Amino acid sequence: MNYNFTEIEVKWQKIWKEKKTFRVALEGQRKKFYCLEMFPYPSGSGLHVGHLKNYVPTDAFCRYKSMQGFNVLHPMGWDAFGQPAENEAMRRGRNPREMVPEYAASYRSTLIRAGCSYDWEREINSSDPEYYRWTQWIFLLLHRLGLAYRSTAPINWCPSCKTGLANEEVKDNRCWRCDTLVEKKPMPQWFFRITAYADRLLADLEKLDWSQGMKEMQRDWIGRSEGAEVDFAVAGSDVKIRVFTTRPDTLFGATFIVLAPEHPLVAQLTTATQQRKVNAYVRKAQGESEIDRLNATRSKTGVFTGTDAINPVNGERIPIWIADYVLMGYGTGAIMCVPGHDVRDFEFAKKFKLPIRQVVSRDGTTYNLESAEILEGIAVNSSEWSGLPTAEFKQTIGRWLEDKGIGRPTVNYRLRDWLISRQRYWGAPIPIVHCPACGEVPVPEAQLPVLLPDVENYHPSGTGESPLAAIPAFVHTTCPACHGPARRETDTMGGYACSSWYFLRFADPGNDGAFASRSALDYWLPVDVYTGGIEHARSHLLYARFWTKVLFDQGLLGFEEPFNLLRNQGSLLAFTPGRRPRSLEEKGGSDDKIVDWIVLKHDERDQVPADQVVWRWARMSKSKGNVVTPDDMTERYGADSLRVYEMFVAPFEDDVHWSEEGIQGSHRFVARVWRWLQAALALYRPDWRETLPRQETETERRVRRKLHQTVQKVGAQIETFQFNTAVAAIMELLNEMYACAPLDREELAPGPNPAVVSELAETLTLLMAPFAPHLAEEVWQQLGRCESVYRAPWPPFDPVVAAAEAVNVMIQVNGKIKDKVRVALDCDEETVKQEAMRSEKIKQLLSGRQVVKMIFIKNKMLSIVCK
RNA sequence: GCCGGAGUGGCGGAAUUGGCAGACGCAUCAGACUCAAAAUCUGACGAGGAAUUUCUUCGUAAGGGUUCGAUUCCCUUCUCCGGCACCA
């Protein structure tokens, strides 16, 4: 029978839907398995084959787990709130409220056509009031705990998106949505106090089965650094300047102090003679864009305040400067400068002719410093502490500072609080009311959700106020506390608020009395396997961990880490035509981020002469016009072939260069499986177990051994996310099957034992089920089964059948393989030696030489060393 | 600059604990089937050498080391990818 994949796939997708095959319910006595892919925001470009690089392998994983008897939770939903969706709606002149469900429907249909096993009854949409009601509820919880607060600080402002951004949303000083350079703008904004959890977020990384790189990124982002705070007295005053340093052991080398230009003490410390210079410098620093200030390569600038401080360890007077290389946002905004052992301080000291003193040495001697020497070593020029090794000195000086009451050991983090408010329409409104009498008042729980009003024009205002501020009916309200007139908060929450708890909602999506019931959470959570792109390393994954810990601390959850196992899929790259930039503007101006390649727009492709087209591999995206759609591939090769290709083409975490030749190869394989199984049907007998031959032929033994080995291998490799080698193992098996039971036209050539053929056919069908589920269902039915193969038990393997009975043992002479002997499995050393000595070649090599030693590794190797 | 990860045929990639390098697939070539083509099936396929169904040398970015034995462990160098980057 011909492999009519379209017919088979449509048929089974319909049956799965009708029979609700993938619906799951809490079954306390059954072991659960929760597999989750980061929920996407539904974009108008639809899904492309790159997205399936994630969804398809995890789907195979779920199907495998179901066959193993697990109660599998595999949900899907839409990260519908937030800038990506809103930006897209604006681009298309649509209202996101109408657009989102439409695009979600398109995603859903593509996923269904790819054969993905989602429980669609649990579909969630973060822009649904029934969902964001609980996002607001968690906001209020954080507020109650003092973990949500409003403060005015210079924030990252994207002039193109017209909203503030969290630090995590800024990369290379650009908005990560639109690549526009961000500005610093002081504005009252809402923050979540994630820094209060910095230590736990860092420590608990140890427990997680995440890639090394992923954990490292989180560690770097949290940026814990141990050091000490030291108070420097200001000469002739009782003012103190507190500095943070990671090297308190270099205090004797501190020859000046630098404050950030924004430091609150600057005005007070500036003397009349320096006033003009300092004022000018501070003004310049304020006016300067962040990008210039953070540019580490430009030369240092700064001015003297006119005042000195006293170095507490030696009583020396040292000058106080201000310079923009010190940031107000980190540590105390003031540093003690040890030019001998810090590159930046060294450069500053050289430029302004400040003294440089060596206080750490490689070997305890003093020598001339050509440049800053960053090292741990032996203290020198440090009075009675000279001679102490760095680590010891750090501890001693820490205690000394504490005793004197002028300092203490401290820990500092790079992580900043999470800026959550957005001056945008498309997000969950922040449930706070501003009352002239009572101040900031949380909206009572019973009044949730604070509905996002339906409006015609939702475009960002650009004034720094959300478009909601222009809707009087929304803004004007009464204070929940005193019932006087009050104003609603008009900022909305950034999209990451929604995605910080959605994995909890999937456990109990319909609950209208809580974000999820405790029993559902206890049963389904935490997530057993979580997958998604690496781009969320420092944002979503950090935020979600933070919220989970807060909910845990409130006794609302029984676990502290939401995603114990995380894997990041690679992306698909397409060969894409582009061209060189033509103007300076296209190059990105004078900026350091140089654009040297611009994707050709569709209408440009015919206009640009062929010799000017530059082809490159680029990530698939609709905007580049290089996408391959799953629907197209499904039509031409079938969903099962597409699935097999997505898994076989490369390891899960690797990027892939898309080619259509590859999918043809996978299609050949799937069709070959189909043909063999169709031929085998004629010989199939369900009672094959009872009629397996007692005396197997060599061929039967060989193919059955391969079969049982493959069952073992495929299971183990799915567990470890090695989908590519799992498919390869089935390919090997199929090759062996064709060799042992070849086809003659459309039938099995005469000869093979029906029981063995039956075992092969049945087991192969089950092995294929996670990868090519439609084909497997069809054959499973042809084999006379009524229940879905999704619930069929994963085949067991017999270790005795799988065991090789004879092995090749390599014979090495002086480290080189010279011969091999075929011996029984687990054959002992003596026998292998005797066999080896029978070999002419070995005999010849050993003649006249003295054997020094022999190393024997069972089933592998006999290594003979001789002189 | 600092911190991760990686480097294997023409290509994607595979190789338990250090033990037959190149599984599986793509591409290519040859053969079978066919009037022909497609599809399918079979075979060859790292590089070099020789007395060419066989034998042999080299070969996992480069160089060194440990070891009976290294793609695997250690050191040095190079390249690529990713993250951070005036964070005191």
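Labels below follow one simple rule: chain letters A, B, ... track the order of the sequence lines, proteins then strands, and each chain is numbered from 1. Bear in mind the structure is a predicted one, so any value in this text is a computation, not a measurement.
Within 4.0 Å of A:Arg224, counting heavy atoms only, lies no atom of the nucleic acid at all. Contact annotation for A:Gly331: no contact, since no heavy-atom pair falls under 4.0 Å across all strands. Using a 4.0 Å heavy-atom criterion, one finds that A:Lys858 contacts no nucleic acid atom at all.
Taking atom CD on A:Glu262 and atom C1' on B:C86, their separation rounds to 14 Å, with Å as the unit. Whole-Å rounding puts the A:Leu734 CG to B:U40 P distance at 13 Å. Atom CE in A:Met214 sits roughly 17 Å away from atom P in B:G4 (whole-Å rounding). Rounded to whole Å, the distance from CG on A:Leu862 to C1' on B:C68 is 10 Å. Rounded to a whole Å, the CZ atom of A:Phe244 is 8 Å from the C1' atom of B:A88. Nucleotide B:A88 holds its P atom 12 Å from the CZ atom of A:Arg247, rounded to whole Å. Going from atom CG of A:Leu743 over to atom C1' of B:U42 covers 14 Å, rounded to whole Å. Between the C1' atom of B:C3 and the CD1 atom of A:Ile374 lies a distance of 17 Å, rounded to the nearest Å.
Taking A:Tyr738 as the reference, A:Arg672, A:Arg675, A:Trp676, A:Leu734, A:Leu743 meet the side chain to side chain contact (heavy atoms under 4.5 Å, CB included) condition, with sequence neighbours excluded.
At a threshold of 4.5 Å between non-hydrogen side-chain atoms, the residues A:Val821 and A:Ile811 count as touching.
Side chain to side chain, A:Thr531 and A:Gln569 fail the donor-acceptor criterion of an N or O pair below 3.5 Å. Using modelled atom types and a 3.5 Å distance limit, the side chains of A:Lys351 and A:Ser299 yield a donor-acceptor pair. There is a side-chain donor-acceptor pair under 3.5 Å between A:Tyr325 and A:Asp345. A side-chain N or O of A:Gln812 and one of A:Ser863 form a donor-acceptor pair less than 3.5 Å apart. A side-chain donor from one of A:Asp417 and A:Thr195 sits under 3.5 Å from a side-chain acceptor of the other.
Residue pairs meeting the ring-ring contact (aromatic ring centres under 6.0 Å, His included) criterion with at least one partner in residues 326-347 of chain A, sequence neighbours excluded, do not occur; the list is empty. Sorted by first and then second residue, the salt bridge (charged side-chain N to carboxylate O under 4.0 Å, His left out) pairs involving residues 653-662 of chain A (not counting sequence neighbours) are A:Arg636-A:Glu660.
Comparing B:U72 with B:G9, their P atoms sit 15 Å apart, to the nearest whole Å. With both ends at atom C1', the span from B:G18 to B:C73 equals 8 Å, rounded to whole Å. Atom P of B:G19 sits at a distance of 23 Å from the matching atom of B:G13, rounded to the whole Å. Comparing the C1' positions of B:U56 and B:C41 gives a spacing of 35 Å, expressed to the nearest Å. Taking atom C1' in both B:C11 and B:U17, one finds a spacing of 32 Å when rounded to whole Å. When the P atom is compared between B:C68 and B:G82, the two are found 43 Å apart, to the nearest whole Å. A distance of about 31 Å separates the P atoms of B:U40 and B:G48, rounded to the whole Å. Taking atom P in both B:A30 and B:C80, one finds a spacing of 39 Å when rounded to whole Å.
Using a 30° and 60° split on the angle between ring planes, A:Phe352 and A:Trp321 fall in the tilted class, from 30° to 60°. A parallel orientation is assigned to the rings of A:Tyr3 and A:His667, their planes being inclined by less than 30° (bins at 30° and 60°).
Taking the O4'-C1'-N9-C4 or O4'-C1'-N1-C2 dihedral as appropriate, B:U34 has a value more than 90° from 0 and is therefore anti. Syn is the glycosidic conformation of B:G9, whose angle stays within 90° of 0. In this structure, B:A51 is classed as syn because its glycosidic torsion stays within 90° of zero.
The shortest distance between the side-chain N/O atoms of A:Ser225 and the OP1/OP2 oxygens of B:A88 is below 4.0 Å. In terms of phosphate contacts, A:Arg414 brings a side-chain nitrogen or oxygen within less than 4.0 Å of OP1 or OP2 of B:A85.
In this structure, CE on A:Met647 lies 11.0 Å from CG on A:Asn724, to the nearest 0.5 angstrom. Distance check, rounded to the nearest 0.5 Å: CD1 of A:Ile663 to CZ of A:Arg643 gives 12.5 Å.
Place A:Ser659 and A:Val656 on RNA chain B by their nearest nucleotides, and A:Val656 ends up nearer the 5' end. Residues A:Lys171 and A:Thr301 both approach RNA chain B. Their nearest nucleotides, taken by heavy-atom distance, put A:Lys171 toward the 5′ side.
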Worksheet item: How does RNA chain B read in dot-bracket, base by base from 5' to 3', with Watson-Crick or G-U pairs under 3.5 Å and | used when the partner is on another strand?
Response: (((((((..(((......[....))).(((((.......))))).(((((...)))))..(((((..]....))))))))))))....

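Among B:G83, B:C86, B:A88, the nucleotide with an atom closest to any side-chain atom of A:Thr246 is B:A88. In this structure, of B:A88, B:G83, B:G4, it is B:A88 that holds the atom nearest to the side chain of A:Tyr330.
For the pair A:Lys300 and A:Phe348, the cation-pi test (distance below 6.0 Å, angle within 45°) is failed.
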Practice prompt. Any chance you could list the contact pattern along nucleotides 50-60 of chain B? Use B for base contacts, S for sugar-phosphate-only contacts and - for none, protein heavy atoms under 4.0 Å, 5' to 3'.
Written response: ------SSS--

Worksheet item: What string of B, S and - do you get for nucleotides 13-25 of chain B, 5' to 3', when a contact is any protein heavy atom under 4.0 Å?
Response: SSS---BBS-BBS

